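What you are looking at is a predicted structure, and each value in this text was computed from that prediction instead of being measured.
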Amino acid sequence: LQASRCERGWVYRMIDGVTELAPKFRAPFVYGAVLLSVAVDDREGARLIFDKGVGAFPSDWKILYAAAYHYLYETNDAEKAAHLLAEAGKHGAPQWVYALAARLYTKVGRAVLGKSILERALELAADKESRSALRIKKRLEEINRVLE
């Protein structure tokens, strides 16, 4: 993982200031954090804004999902990404996020936790034969093989 070109620079300070002045204004948490990560290459600033956004909007699956992506691909923290994906699933994200969360948990040595997430997702699935439910069942079979 390469170092960021910028770390908590002036763009971060501006976005952070907006979030302090208007803590329920959703846009800076979504677009500002992505801007910091992608355009400015301020991964640490983006992490801080995403964390603040998750705290301010804990049931906003789009913020949770975006934060998970950041943790997975920009900071290499698969366990944190898995947690955020599981939370996103609880709050309306597509069901396939559970399968991804379980895969990440398995990757970091927490397959039992991944299995429990998938079992819960199957319980909540409205259509047990949908593509998402079938994907979850397949991932569950893979985790069971890992645990044997």
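Looking at K80, its side chain never comes within 3.5 Å of a backbone N or O of T75 through a donor-acceptor pair. With hydrogens and angles disregarded, no donor-acceptor distance shorter than 3.5 Å links the side chain of Y12 to the backbone of L36. Put simply, the side chain of S37 never gets that close to the backbone of V34: no donor and acceptor are under 3.5 Å apart.
There is a side-chain donor-acceptor pair under 3.5 Å between D51 and Y71.
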Show me, pair by pair, the donor-acceptor contacts under 3.5 angstrom made by side chains of residues 120-129, not counting sequence neighbours?
from: R120; atom 1: NH1; to: E123; atom 2: OE1; distance (Å): 3.2
from: D127; atom 1: OD1; to: E129; atom 2: N; distance (Å): 3.0
from: K128; atom 1: NZ; to: L122; atom 2: O; distance (Å): 2.7
from: K128; atom 1: NZ; to: E123; atom 2: O; distance (Å): 3.2
from: K128; atom 1: NZ; to: A125; atom 2: O; distance (Å): 2.9
from: E129; atom 1: OE2; to: K137; atom 2: NZ; distance (Å): 3.1

Tabulate below the donor-acceptor pairs under 3.5 Å that side-chain atoms of residues 103-114 make, not counting sequence neighbours, or state none.
from: Y105; atom 1: OH; to: H83; atom 2: N; distance (Å): 3.4
from: T106; atom 1: OG1; to: A102; atom 2: O; distance (Å): 2.9
from: R110; atom 1: NH1; to: E79; atom 2: OE2; distance (Å): 2.5

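Taking each heavy atom of A101 and A86 in turn, the nearest pair found is CB-N, 4.0 Å. Minimum heavy-atom separation, A68 to A81: O-CB, 3.4 Å. Nearest heavy atoms, G45 versus D42: N-OD1, 2.7 Å. Counting all heavy atoms, side chain and backbone alike, A46 lies closest to A33 at CB-O, 3.4 Å. Minimum interatomic distance between G89 and A93 (heavy atoms only, all atoms of both residues): N-CB, 3.9 Å.
Side-chain rings of F29 and F50 stay apart, their centers remaining 6.0 Å or farther from each other.
Atoms CZ and CG, on R135 and L140 in that order, are 14.5 Å from each other to the nearest 0.5 Å. Interatomic distance, L147 CG to R145 CZ, rounded to the nearest 0.5 Å: 11.5 Å. Here the CG atom belonging to L48 is positioned 11.5 Å from the CD1 atom belonging to I15, to the nearest 0.5 angstrom.
Transitive grouping of hydrophobic side chains (ILVMFWY, heavy atoms separated by less than 4.5 Å) keeps W10 and V18 in distinct clusters. Hydrophobic clustering, with ILVMFWY side chains joined whenever heavy atoms are under 4.5 angstrom apart, keeps L100 apart from I136. Follow the hydrophobic side-chain contacts under 4.5 Å out from I49 and you reach Y31 in the same cluster. Under a hydrophobic-cluster definition in which Ile, Leu, Val, Met, Phe, Trp and Tyr are linked whenever side-chain heavy atoms come within less than 4.5 Å, directly or via other members, V30 and L64 are assigned to the same cluster.
Both the sub-6.0 Å distance and the 45° axial angle are not jointly satisfied by K52 relative to the ring of F57.
A salt bridge does not link E142 with K115: none of the charged nitrogens is closer than 4.0 Å to a carboxylate oxygen. In summary, R47 and E44 engage in a salt bridge, as defined by a charged side-chain N under 4.0 Å from a carboxylate O.
The aromatic rings of Y69 and Y73 sit tilted relative to each other, their planes meeting at an angle between 30° and 60°.
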Residues F25, T19; criterion side chain to side chain contact (heavy atoms under 4.5 Å, CB included); working and verdict | CA-CA 7 Å; F25 181 35; T19 65; over 6 Å; no
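Put simply, the side chain of Y65 does not reach to within 4.5 Å of the side chain of L84, judged on heavy atoms.
Listed by first and then second residue, the side chain to side chain donor-acceptor pair (under 3.5 Å) pairs involving residues 87-97 are E87-K90 (not counting sequence neighbours).
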